[in-house]
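Comments concern the structure below.
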Amino acid sequence: MTTIGVLTGGGDCPGLNAVIRAVVRTGVKHGFDVIGIRDGWHGLIVGDVEPLTEYSVSGILPRGGTILGTSRTNPFKNEADIQRLRDNIRKFGIDALIAIGGEDTLGVANKLSAMGIPVIGVPKTIDNDVAATDFTFGFDTAVAIVTEAIDRLHTTAESHRRVMVVEVMGRHAGWIATMAGIAGGADQILIPEVPFNLDEVTRHLRARYEKGKKFSIVVVAEGARPEGMKEAITQSAMTDEFGHVTLGGVGTFLSEELEKRLGMEARVTVLGHVQRGGTPTAHDRVLATRFGVAAVGLVEEKDFGKMVALRGTDIVAVPLEEAVADLKTVDMDLYNIASIFYGG
Ligand code: F6P
């Protein structure tokens, strides 16, 4: 009997439960046992697991978050944790691990795979920055939430003749800002990939004002920074186990600067974790389900060390090594489309 262990690691995102459900339902069809590992890699270190059945995953398809819990635990921080993790894989008879996560979780999966542990990766993140897949699930939901927020901010911006700055998630890549900014008709989109010039941003917004548009919407990704600033603006110097700081604050910085420079009132809205919570869109449910089914297919074929990925409309398997080698940053052709609408 094959036993699959499944875990979710890193920041949560809508669609995780849809993957878990698909892994269990497909696994059962293949005659596999499925064990849920709680709280990401932490659960495998301390041996916190639960058997998953069709009954335990019933009704979770539309639910946000993850029924397994998640953490940013990095087992490679400590040699002894890797030994505990190996011991628990043996203890629970896990023949295949399915790790659902972003750059950090998949990075750990890749290292474990290199050590001979049979792992399959499933890419998730609202940031959409995992390489080797066209899209991660969770992203479409986040874009829909941000687009709705921009639509709502438009009406109040117009009433008050204000500059509205919307700060969205996007640590290394500005996918959410770019897609939602285009969808919502933003007047400026600022992303980590392209350091911004405050004079230029001010010029675009002033040009718009002079044309008679007395309000503006600026969408900024949390990892974006002005030219000349070496690091992104952070909330504290503390880092997680993968060395990431807590970002946030660029929206306030921008709104204060723009208010001064334009002599107009400005307000900031930080969308934060609202972007990660709640029910996934239909698109994300389907993508997550397809990923879960494909991951179990790879277990069946014993094709380990791979990550399931979306290429065009197909689900394919790519080496984990390739998936974690780089981050997927914003396509500049797409980003440049947005700028056609600035100043208008
Ligand atoms: O999931 C990725 C991400 O959304 C980043 O954009 C953001 O910096 C981070 O998560 C924040 O997560 P948390 O507050 O859970 O540490």
Side-chain angles (χ1 to χ4, degrees), residues 7-19 39-42 64-66 68-74 77 99-109 121-131 133 135-147 149 166-181 189-193 219-225 231-253 268-278 280-281 284 287-288 291 323-324 326-330:
L7 63 84
T8 52
D12 70 344
C13 91
L16 287 169
N17 285 327
V19 182
D39 303 332
W41 298 115
H42 177 76
T66 160
L68 293 176
T70 186
S71 72
R72 295 194 189 274
T73 300
N74 179 358
K77 285 283 276 189
I100 313 167
E103 53 161 331
D104 299 328
T105 307
L106 296 172
V108 170
V122 176
K124 72 86 223 182
T125 164
I126 64 163
D127 289 358
N128 196 39
D129 58 0
V130 176
T133 183
F135 289 103
T136 50
F137 63 88
F139 172 62
D140 184 67
T141 307
V143 169
I145 293 166
V146 175
T147 304
V166 193
E167 182 182 303
V168 302
M169 283 190 175
R171 176 172 291 274
H172 313 287
W175 284 103
I176 296 176
T178 303
M179 290 283 264
I189 300 170
L190 308 173
I191 60 173
E193 291 89 333
V219 181
V220 59
E222 60 183 354
R225 58 201 143 93
E231 306 288 340
I233 300 172
T234 59
Q235 292 183 35
S236 89
M238 289 223 329
T239 56
D240 67 17
E241 291 193 8
F242 290 91
H244 302 310
V245 285
T246 307
L247 296 177
V250 66
T252 305
F253 164 82
V268 60
T269 302
V270 180
L271 289 176
H273 295 80
V274 166
Q275 296 161 90
R276 273 196 353 214
T281 57
D284 279 339
L287 181 59
F291 277 168
V324 300
D326 253 328
L327 280 167
K328 187 181 70 210
T329 52
V330 168

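Just so it is clear, the model here is predicted, and its values are computed rather than measured. Counting convention: from 1, in listed order, for ligands and their atoms alike.
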Self-check item: Residue contacts for ligand 1, heavy atom to ligand atom, distance under 4.0 Å
Solution: Arg72, Ile126, Asp127, Met169, Gly170, Arg171, Glu222, His273, Arg276

Self-check item: Trace of the side-chain contact (heavy atoms from CB on, under 4.5 Å) decision for Thr246 with Thr234
Solution: CA-CA 6 Å; Thr246 307; Thr234 59; over 6 Å; no

Self-check item: Listed partners of Arg225 passing salt bridge (Lys or Arg N to Asp or Glu O under 4.0 Å), at least two apart
Solution: none

Quiz prompt | Check: Asp284 main-chain N/O paired with Thr281 side-chain donor or acceptor under 3.5 Å | solution = yes

Self-check item: Residue list, side chain to side chain contact (heavy atoms under 4.5 Å, CB included) with Ala173, at least two apart or on another chain
Solution: Asp129, Trp175, Glu193

Quiz item: Listed by chain and number, what are the side chain to side chain contact (heavy atoms under 4.5 Å, CB included) partners of Ala288, not counting sequence neighbours?
Solution: Ala18, Val19, Phe137

Quiz item: Nearest heavy-atom pair of Phe135 and Asn128: which atoms, and what distance?
Solution: CA-OD1, 3.2 Å

